[in-house]
Amino acid sequence: MSPHPEADALLARSHRLGSDPRNTNYAGGNASAKGTGTDPVTGGEVELMWVKGSGGDLGTLTEAGLAVLRLDRMRALVEVYPGVEREDEMVAAFDYCLHGKGGAAPSIDTAMHGLVEAAHVDHLHPDSGIALACAADGEKLTAECFGDSVVWVPWRRPGFQLGLDIAAVQAANPQAIGCILGGHGITAWGDTSEECERNSLHIIRTAEAFLAERGKPEPFGPVIEGYAALGATERRERAAALAPVIRAIASQDRPQVGHFTDSDVVLDFLASAEHPRLAALGTSCPDHFLRTKVRPLVLDLPPTAPLEEAVARFKELHAEYREEYAAYYRRHALPDSPAMRGADPAIVLVPGVGMFSFGKDKQTARVAGEFYVNAINVMRGAEAVSTYAPIEESEKFRIEYWALEEAKLQRMPRPKPLATRVALVTGAGSGIGKAIARRLVGEGACVVVADLNAENAQAVAEELGGADKAVAVPVDVTSEEQIADAFKAAVLAFGGVDLVVNNAGISISKPLLETSAKDWDLQHDIMARGSFLVSREAARVMIAQGLGGDIVYIASKNAVFAGPNNIAYSATKADQAHQVRLLAAELGEHGIRVNGINPDGVVRGSGIFAGGWGAKRAAVYGVEEEKLGEFYAQRTILKREVLPDHVANAVFALTGGDLTHTTGLHIPVDAGVAAAFLR
């Protein structure tokens, strides 16, 4: 069944408004439409309202993301409204106003849309509108900017009372097309979807033009000497060096995934004289500080300070930040307030380098950073024409530790076993490595797909869900420089690395007298030396993070089984197997576990077997190449063929959280080869 025409128009309008970041931030704001539907019980007409539900995003809104309410019942709630002290109770009452099953849960802003006497309503969070809303003399500036066509509504926490306030303002100002909500955003309305959208855009663009025309040229003040941005290459090198330390800071209470940006907006802000004062004031729009916390942690050193000095200073600032945040909680917490959710920063600002943002997954971390960019734009606009004056700290606390927000958090699904973990898998462009990467992403991890074949790596990363799930890095594991670059890319993409799988490999099947020194060196350079180099770089990152970690070697049955005509391959696999034991013993004090997997006969889907190894092994055993998998299966105890997914399952078994006290172990994934039993 196609959507109601009014709902269809609402979705189209939402997509247009939500696709432009100048109009509203990700998942910020909401829009509604009112119209007439059929009551399936009586067959008569009934007035309905379609409104974006809780947690949705305007730019990607679908019909399933709309809440549908009976307008008569929703407006009847005014008669039973118990007052502002109990307005949170009204959110549960919205459930009794729903029309039919399905749809999204009504959001806290539902009253705003239902009580305003207009067929279409938009509530948005544009940077330009919030700049006026957060200016010290925002009411006066709003009048100067719009005359009487846009009305000022003083700050009030979102809820039923705010809906009543806006409805009263609209009734008292029939000439108005919308309002500026102090400390918050804008609301616009219209008789048609087109008129509502036109009014929303008029408010946003008029505010933009007003700020540009009236604003002073340097709202953040002059550049601080020595705080200008480093060159692009130099600042990303610096960011990569600092990333594991900063992730440790953001993850003291609970592990977090990171995101890094060095956009001009961020760098210009951090180079300017007023950034310490403004950053300390924190963000203002409720959507902003729910994602970014009330204020960021800001490094107070120039970008040229020695790295060791910056690291030491970060640790001092982190201790101060945690103390200040705990004090903020104590100042405002009531007996029934939710417990403190953690005292680590969500935004970390590094002058001359950029911004690190953190969250429970990559999307949340990225969006937190986007929100702080919104906040910078708001500060710039407010400072350009006035003084930035966000809402009071006590009001920020009421939003951050709102019982309704806590209830929303409690309704979220349990995180997957590998949530917040960042994995780097070598040789992940095909075969076993691809299967491992797919399983790790499926279990909640972010994955760096590292492969010699850049095209294959990119294809796998896109298949796994793109940049919020997986990124591709081309890497030759025989190159120390390329391995270092791969880990730099990993920490800049996701904040750090927690799980490394040494899977890259090559196989040359020859008897001793036909094995050249070149064959021997190539096998050992890729697998023995390559695994050592990857593990060394992984250990550097993991030790700096202080979050423990996992290193898994994909070795082979041949590490312990002496098969025919396989001297170079089997010897290098034995090298890898002993690296597992050596590194398990050495890295355990850092909470880093090192384990191995010994597969055998993984023919189908294997890049190694497809690259000529299969034909050579088939010739050794005197079978047809296409039947090699069946041959391997028949010589096992279980008589089962081993597939790449079975190896991936073993990787998850080692890293998924149940084997927390296991290190130095090799797991056979060979369907049972008695000669390769570990002793």
Side-chain angles (χ1 to χ4, degrees), residues 424-434 436 450-453 456-457 474-483 486 500-538 551-583 594 596-603 605-621 625 628 632 642 644 647 666 668-670 673 675-676:
L424 185 147
V425 183
T426 66
S430 63
I432 291 173
K434 179 179 177 179
I436 292 169
D451 201 277
L452 182 63
N453 187 313
N456 285 359
V475 59
D476 179 348
V477 295
T478 68
S479 166
E480 292 185 67
E481 293 76 16
Q482 289 192 34
I483 290 169
V500 167
V501 182
N502 278 309
N503 170 73
I506 188 173
S507 298
I508 301 172
S509 175
K510 293 181 181 179
L512 172 63
L513 297 183
E514 296 176 18
T515 300
S516 67
K518 183 179 178 181
D519 295 332
W520 178 273
D521 290 343
L522 183 59
Q523 293 271 224
H524 282 72
D525 282 351
I526 292 173
M527 292 190 289
R529 183 175 181 272
S531 294
F532 148 68
L533 293 174
V534 169
S535 295
R536 187 180 67 180
E537 202 64 33
I551 299 175
V552 179
Y553 280 67
I554 307 302
S556 170
K557 170 213 70 175
N558 291 308
V560 293
F561 171 72
N565 302 336
N566 211 7
I567 178 64
Y569 178 82
S570 295
T572 196
K573 285 299 182 183
D575 187 315
Q576 285 186 311
H578 199 47
Q579 284 187 40
V580 167
R581 293 183 279 268
L582 293 166
L583 296 185
V594 187
I597 296 169
N598 291 345
D600 184 50
V602 185
V603 178
S606 167
I608 285 178
F609 276 92
W613 170 260
K616 291 176 182 177
R617 297 317 291 170
V620 168
Y621 295 117
E625 183 178 358
L628 186 59
Y632 282 137
V642 181
V647 183
H666 277 278
V669 183
D670 56 13
V673 178

Interatomic distance, T478 atom OG1 to M527 atom CE [nearest 0.5 angstrom]: 13.0 Å
Which atom of A538 lies closest to which atom of I551, heavy atoms considered: CB-CD1, 4.4 Å
Interatomic distance, L533 atom CG to S479 atom OG [nearest 0.5 angstrom]: 8.5 Å
N503 side chain to G427 backbone, donor-acceptor under 3.5 Å: yes
Heavy-atom pair with the smallest gap, counting every atom of Q576 and S531: NE2-OG, 2.7 Å
D519 versus E514, closest heavy-atom pair with distance: OD2-O, 3.8 Å
Donor-acceptor contact present, side-chain Q482 to main-chain D476, <3.5 Å: yes
Non-hydrogen side-chain atoms of N502 and S535 separated by less than 4.5 Å: yes
Under 3.5 Å side-chain donor-acceptor pair for T572 and Q523: no
Non-hydrogen atoms of G601 and Y632 that approach each other most closely: CA-CD1, 3.4 Å
Pair H666-R581, side chain to side chain contact (heavy atoms under 4.5 Å, CB included): steps then yes or no: CA-CA 9 Å; H666 277 278; R581 293 183 279 268; 3.9 Å; yes
I508 vs W520 side-chain heavy atoms within contact, under 4.5 Å: no
Step-by-step side chain to side chain contact (heavy atoms under 4.5 Å, CB included) determination, V669 to V642: CA-CA 7 Å; V669 183; V642 181; 4.0 Å; yes
K573 side chain vs I554 backbone, donor-acceptor pair below 3.5 Å: yes
Exam field: side chain Q579 to backbone A528, donor-acceptor pair closer than 3.5 Å: yes
Over all atoms of both residues, closest heavy-atom pair of A457 and D451: CB-CB, 3.9 Å
Beyond-backbone contact of F561 with N598, side-chain heavy atoms, under 4.5 angstrom: no
For the student: nearest non-hydrogen atoms of D670 and D600, plus distance: CB-CB, 3.5 Å
